[in-house]
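Both counts, for ligands and for their atoms, begin at 1 and track the order of listing. Along the sequence shown, residues are numbered consecutively beginning with 1. Reckoned from all heavy atoms, side chains included, excluding hydrogens, waters and symmetry mates.
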Amino acid sequence: MSGNDQRNNIRVVCRFRPQNKREIAEGGVPIIKFDDDGETCRMQGKEFQGNFTFDRIFSPETKQKEVFDSAIKPIVDEVYNGYNGTVFAYGQTGSGKTFTMMGADIDNEELKGLIPRIVEQIFQCIIDSPPTMEYTVKVSYMEIYMERIRDLLNPQNDNLPIHEEKNRGVYVKGLLEVYVSSVEEVYEVMKRGGQARVVAYTNMNAESSRSHSIFVITITQKNLQDGSVKSGKLSLVDLAGSEKVGKTGASGQTLEEAKKINKSLSALGMVINALTDGKSTHIPYRDSKLTRILQESLGGNSRTTLIINSSPSSFNEAESLSTLRFAKTIKNKARVNAELSPAELKALLKKAKSEAVTFQQYITALEDEIGVWRKGGTVPKEKWVSMDKVSSGPVSAPPNGTAPNPAVEAAKRGSEIAESRPSTPSPVLEKEEREEFLRRENDLTDQIAEKEAELEKKEKLLSELKEELQLLKEQETTTTTENKTMVAQLTDLRLQLEKVTYENKDSAITLDGLRESHQETLNELEALKKQLVELKLSQKEGDKEQKKQEKMAQMLAELDPNGAISQKEKQIRDTLKKFDSLDTDGKATLTVEELAAIRRKLTESETTITQHEQTIAELNYENEHLTRKRDEADIRLQTLELEYEELLDRTIAEEEANSSIDIGETIQELRSKLEAQYAAKKDVQQKEIDELRQELERKNEELHKISSSLSDLKREKEDLQNALAERELKADSHKDVADKEKDMERIRKTMAQQLADFDVMKKALMRDLQNRCEKVVELEISLDETREQYQNVLRNTNNKSQQRKMVFLERNLEQLTNVQKQLVEQNSSLKKEVAIAERKLLARNERIQTLEALLQDAQEKLTAQNQKFEAQLKTVRDRLEQARTAKTVTPFFGRIAKPIQGGGGRTGGPVRTPTK
Ligand SMILES: Nc1ncnc2c1ncn2[C@@H]1O[C@H](COP(=O)(O)OP(=O)(O)OP(=O)(O)O)[C@@H](O)[C@H]1O
């Protein structure tokens, strides 16, 4: 670029910042060498070595003031004089755009950037101007992000449309313009816009350097003397970072941002190229919103400065090279934005009138010529009507001198101004057609903006709905998972319950089995006991029989120890036989020796009788002793009965206290059995005792009889002795022999009789004795049995092993009962848990159904809301339309014009001094 000419409308300057810490840390070195002329620099990089020339090059050491004075100050002067001006800051992120435009500190005289200096200069110019001038300064602040225009002073307007009107030119529709009257107010507006930008990007999680920001200052000056009005607009553009996408490794939203940035920057480059190459008939302003907004600042009526910000470091060589290559020289012819004074307007009007007359004459001449042609005539070529001929004379007079139309005049005047702007290149159209097209375009742009806004809202709503749906789906998933888990848990619980029920049943069966085995054991025990008792009984029976035999033998032996009675009896019988034989022979065959022998035998018989008597006495004594013994046994039996009953009661009470119902029952049964047995036995024994008593009485009677017979026998003996004595006397006297024989006969008969009686008696006595002995033995045995039974009962009740077994069985039973109880408890608790779980499951199912219903409801509501929203939107649109027609002005603190009088005065208000 070689544009040193101040008349160049586009100036390109380049500013290099110092190497930053990161570049130094990364081993970057400066690769830019600066020429002394301030216009050329040389890049000595790895990729590229070569020169770049710009309108001005600022080295890293250049101060802010120098940049302003050299590159910007002239533009401010031009804007002040009614031109449009634009300052672009171009460069990669971190290259120093903000530092250049705004500065590191706007309150620091040295560090403040171009914008504070521009604002200060503007207000200084106003102060310095004559009081006949009246100024209004208004500012607007916007940004272009992702090809959407956001009003930074009214951030909810984030997709403003661009309009173009014939009189107004290209403008952002709905953009808030704030009137300011001092530097501070400008700063305040800038800060406000900057904050809105920060908030918006924080919300979007994006970076502000990814958008183009455009701060516009419009200065309108009115000459109070001649009424002329001039306006100049200065656009200060901080372009988005120009870095390549590849270097940042962008993707997704960042990639989209980068694409949009690249597109708009290349559109800017294309516009600048088209403007500066001098050949292009089409300037592609419409290729991006940036170029479209800045159409009037890049075209004819403008002064433009492009500040290229770059790094001098080798670390950023590629980016710096790309930045420097972007720069182009732009030249365009500028026109003044002027509203003419009445005098100027009068002159213009006069000129226009004369022109109108000329045109009218030209038209009339043309119509005349057409008339000739239409009539079939011909007009020679040299007489064809032309503008030159009309202007110079003969055919120029209008046949009916028509007065100029004021509307046409106004339109012409408007078009004068409009034509001074760079218009949108279009096919050659009639003016009205073009206006119509512009109107339609504006309408369509509005519609597009509205549709975009609507679309955005819908997209937002959609994304919200999607999020909600996602949330609901997640909730549903969670609920389903929970449900599944619950179902699994429930299944587990059911399984557990089944298992426990099964175990319970199993345990119940085992318990029943154990009970049965217990019962069987008891039965077996009972049977064994019975067997034992039977065995004992049988053994006892055997023993008893044996014992009985023995005792009987003993007793009988005691009764007739040496068979003395039998011997004596035999002797007596022999004697009797002898007597009998004596009688049979008829003569006394007894000798003295025989008689002595008989006497001896008789004495022996007496001795035997005495012995028998003694034996009988002994027997009586023994009988009495036995009776006593029996009574004692009775008494003892009664005592034992009492003791047994007490013991039984005690044992039962203890057992009842300590054992379970079953054992109590068993003991009760045992007791009742024993009692029954005992009662039966007692009855039997009582009967036996009674019988024995009767028998004893009978025996006593018999004994008495025996005693009486014994006394008879004694008498008989005496008689026999007497008879013997008589016989001895007879032997002395033969006379007495017959008597003696008779006596002997008698005696013999008596003796035989007595012997027979004795025999009978002896037999009866022996039988009786035997019976009694048997009874006594039986009684003794019965007593022993009773004793044993008692012992058995005692043993039964006190049997330790039995008790142990019983205790063991009781424990087992207790444990089993406990296990059963536990199982029953577990079962019931599990049933409860299952019931709870089922209830929970039901509740969850209900919840899921409710949620589903809610989801459906929400969807329906959303649809309804959507419809409602559309209806509201329609209403809002209608209202907007109404508002538009009513030309309602948006309220804002800066919407009121604040005219500033030249020389620092303020119309109708206090004068504010701009900050320096
Ligand atoms: N000429 C300079 N002299 C001294 N420091 C500078 C200069 N230019 C830029 N810097 C410093 O470099 C850093 C980055 O500059 P700045 O923020 O202006 O870059 P940027 O291009 O605006 O970045 P972004 O696009 O991210 O806004 C800042 O710390 C700034 O102070």
#### Entry: Within-cut-off N or O pair, G96 and ligand 1, under 3.5 Å
yes
### Query
Can you find a pair of side-chain heavy atoms, one from V76 and one from V79, that are under 4.5 Å apart?
no
### Query
Under 4.0 angstrom from ligand 1, any heavy atom of S95?
yes
### Query
Is there a heavy atom of P18 sitting under 4.0 angstrom from any atom of ligand 1?
yes
### Task
Take R11 and T305 through the test side chain to side chain donor-acceptor pair (under 3.5 Å) and record every step on the way to the result.
CA-CA 5 Å; R11 295 190 75 216; T305 295; 5.2 Å; no
### Query
Which one holds for Q92 and ligand 1: side chain close, backbone close, both close, or neither close, with close meaning a heavy atom under 4.0 Å?
backbone
### Message
Using only atom types and a distance under 3.5 Å, with no angle test, would you say the side chain of K173 pairs donor to acceptor with the backbone of H163?
### Response
no
#### Entry: For F215, ring pair (Phe, Tyr, Trp, His ring centres under 6.0 Å) partners two or more places apart
Y141
### Query
Nearest non-hydrogen atom to atom 31 (O) of ligand 1 belongs to which of Y90, F16, F99, F58?
F99
### Query
Under the ring-ring contact (aromatic ring centres under 6.0 Å, His included) criterion, do Y135 and Y80 qualify, and how do the steps go?
CA-CA 10 Å; Y135 297 88; Y80 184 72; 5.6 Å; yes
#### Entry: G94 to ligand 1, any heavy atom closer than 4.0 Å
yes
### Task
May I ask you to list the atoms of ligand 1 that are less than 4.0 angstrom from any heavy atom of K97?
18 (O), 19 (O), 20 (P), 21 (O), 22 (O), 25 (O)
### Query
For K289, what residues pass the side chain to side chain contact (heavy atoms under 4.5 Å, CB included) criterion, not counting sequence neighbours?
I144, E147, I149, N159, I162, E452
### Query
Does at least one non-hydrogen atom of R15 fall below 4.0 angstrom from an atom of ligand 1?
yes
### Query
For ligand 1, is there an N or O atom under 3.5 Å from any N or O atom of R17?
no
### Message
Within 45 degrees of the ring normal and closer than 6.0 Å to the centroid, is that where the cationic atom of R292 sits relative to Y285?
### Response
no
